[in-house]
Amino acid sequence: MMITQVSSSITLSSSATKRPDVDSVSNSLSSQKNEALGKPVTPHSISGVPESGASESSTAASGAESVNQVQGSAAVTNESTEADLQIEAEIKALSERDREVRTHEQIHASIGGKHASSPSYSYERGPDGQQYAVEGEVRIDTSPVADDPQATLEKAEVIMRAALSVAEPSTADRQVAADARAMAAEARAEILRIESNEQGTEAAKEPDDEAVSEVEQEKAQQDEDMADALNEAQQQQNEVQTSVAEQFQAFNERLNDINMAMRRMNSVLVETGAFSKLFPEGSVIDKSV
């Protein structure tokens with residue numbers, strides 16, 4: 001979340017939030033796919049087999065051409081599958097980013113209330129043609145309430161909650177909270193000064209001490225409430241991370257199923273003779289003899 005001072009308002013933005021690395025996810029998927037599939041096997045004959053005439057040579061040439069066609073088709077299928085997996089990974093990453101950005105900014109807006117604007121977003125077009133939010137911001141009014149330190153104090157507390165209640169406050173979010181905390185301290189000091197001036201006498205200083213104690217107790221209670229809010233936000237973040245981990249595990253299981261299907265397909269092609277084995281049974285012994 002990024003903050004820029006603009007007159008009497010600031011901007012809370014999710015541009016600093018870490019974005020999922022789509023390229024690393026796609027490269028990882030492609031690497032796993034290549035390892036599972038292996039390189040295409042080039043058909044060859046066993047040395048020492050006698051030639052049987054022109055008709056057998058023609059048949060062998062026709063069979064080799066058929067095998068090459070099957071291998072070319074399998075290679076195209078493999079490349080298409082890898083491209084589809086990469087596109088799926090990119091769309092998934094953009095969807096997660098969109099969800100993260102919108103949640104981040106909606107928290108700012110909802111807690112900021114009347115002091116905050118509606119969220120605005122920057123979008124990126126995905127490979128499926130859909131627009132995904134990748135950055136967002138919420139403008140929030142940070143000006144003190146004129147001639148009303150109590151209202152200023154309450155406003156500063158709202159701003160602090162709006163800045164820090166997100167799952168991952170950015171440096172800018174923390175700066176907003178620090179500025180609001182300073183505004184709250186000034187408001188408290190102004191409240192105490194007004195109350196002290198109203199007392200007017202030395203005898204009235206003792207009640208002032210009581211007022212200071214009450215303000216300190218109120219501040220301590222507010223700090224406890226803030227800590228509880230941060231703990232709750234951390235728990236929500238942990239739940240989101242757990243959900244993402246489960247989704248990624250399911251995706252890996254799906255990829256493993258695809259790899260197993262490709263292995264079975266390769267086995268069938270070898271068994272039916274579409275692919276020739278590198279070392280058919282008995283070839284090593286024949287060569288040794």
Side-chain angles (χ1 to χ4, degrees), residues 1-19 97 99-122 133-198 208 211-238 240:
M1 181 168 62
M2 180 179 64
I3 302 171
T4 55
Q5 191 72 30
V6 181
S7 182
S8 62
S9 66
I10 55 178
T11 301
L12 305 178
S13 170
S14 58
S15 60
T17 306
K18 183 177 179 182
R19 181 176 178 180
R97 174 63 178 172
R99 194 162 47 248
E100 176 187 355
V101 169
R102 292 181 186 277
T103 300
H104 188 105
E105 300 306 331
Q106 287 170 2
I107 290 174
H108 287 320
S110 61
I111 297 179
K114 64 181 180 181
H115 307 302
S117 69
S118 299
S120 60
Y121 303 100
S122 298
V134 293
E135 292 182 3
E137 64 178 23
V138 170
R139 299 178 64 83
I140 188 165
D141 180 17
T142 58
S143 61
V145 179
D147 301 326
D148 194 342
Q150 183 61 40
T152 299
L153 176 60
E154 295 172 357
K155 182 177 180 178
E157 292 170 352
V158 171
I159 294 173
M160 283 190 288
R161 288 196 298 271
L164 297 178
S165 294
V166 294
E168 295 181 4
S170 67
T171 301
D173 293 340
R174 298 183 189 280
Q175 184 61 49
V176 169
D179 293 343
R181 193 175 293 111
M183 184 169 68
E186 292 177 0
R188 291 190 183 98
E190 180 65 13
I191 291 172
L192 293 177
R193 187 186 66 78
I194 293 174
E195 291 177 351
S196 179
N197 290 338
E198 289 175 352
D208 287 344
V212 171
S213 177
E214 291 177 358
V215 171
E216 291 176 349
Q217 291 177 359
E218 181 181 359
K219 182 178 181 297
Q221 182 62 42
Q222 292 171 355
D223 291 341
E224 291 179 1
D225 295 340
M226 183 67 67
D228 292 338
L230 291 176
N231 289 334
E232 182 178 355
Q234 185 63 39
Q235 291 177 357
Q236 294 176 353
Q237 179 184 1
N238 292 337
V240 171

Within this structure, what is the [atom1]-[atom2] distance for the pair [X] and [Y], rounded to the nearest 0.5 Å?
| X | Y | atom1 | atom2 | answer |
| --- | --- | --- | --- | --- |
| Arg181 | Gln222 | CZ | CD | 11.5 Å |
| Asp223 | Glu218 | CG | CD | 10.5 Å |
| Leu230 | Asp225 | CG | CG | 11.0 Å |
| Arg139 | His115 | CZ | NE2 | 16.0 Å |
| Arg188 | Met183 | CZ | CE | 11.0 Å |

How far apart are the closest heavy atoms of [X] and [Y], and which atoms are they?
| X | Y | value |
| --- | --- | --- |
| Ile107 | Val166 | CG2-CG1, 3.8 Å |
| Val138 | Ala116 | CG1-CB, 3.8 Å |
| Pro149 | Ala187 | O-CB, 3.4 Å |
| Ala162 | Gly112 | CB-N, 3.8 Å |
| Gly136 | Val101 | N-CG1, 3.8 Å |
| Val215 | Leu192 | CG2-CD2, 4.3 Å |

Give the C-alpha distance, both sets of side-chain angles, the deciding distance and a yes or no for side-chain contact (heavy atoms from CB on, under 4.5 Å) between Lys219 and Glu216. CA-CA 5 Å; Lys219 182 178 181 297; Glu216 291 176 349; 5.5 Å; no
Do Asn231 and Gln235 meet the criterion of a side-chain donor-acceptor pair at a distance under 3.5 Å? no
Would you mind reporting whether Val158 and Arg161 have side-chain heavy atoms less than 4.5 Å apart? yes
So Ser117 and Glu137, do their side chains get closer than 4.5 Å, heavy atoms only? no
Tested for side-chain hydrogen bond (donor to acceptor under 3.5 Å, both in side chains) against His104, the lone hit among Arg102, His108, Gln106, Glu100 is His108
Step by step, would you call Gln236 with Val240 a side-chain contact (heavy atoms from CB on, under 4.5 Å)? CA-CA 6 Å; Gln236 294 176 353; Val240 171; 5.6 Å; no
Counting only heavy atoms not in Asp147, do more than 12 fall under 6.0 Å of its CG? no
Side chain to side chain contact (heavy atoms under 4.5 Å, CB included) with Gln150: which of Ile191, Val145, Ile194? Ile191
Just do the side-chain contact (heavy atoms from CB on, under 4.5 Å) check on Thr152 and Glu186 with the steps written out, would you? CA-CA 9 Å; Thr152 299; Glu186 292 177 0; over 6 Å; no
Verify side-chain contact (heavy atoms from CB on, under 4.5 Å) between Glu135 and Arg97, making sure each step is shown before the conclusion. CA-CA 9 Å; Glu135 292 182 3; Arg97 174 63 178 172; 4.3 Å; yes
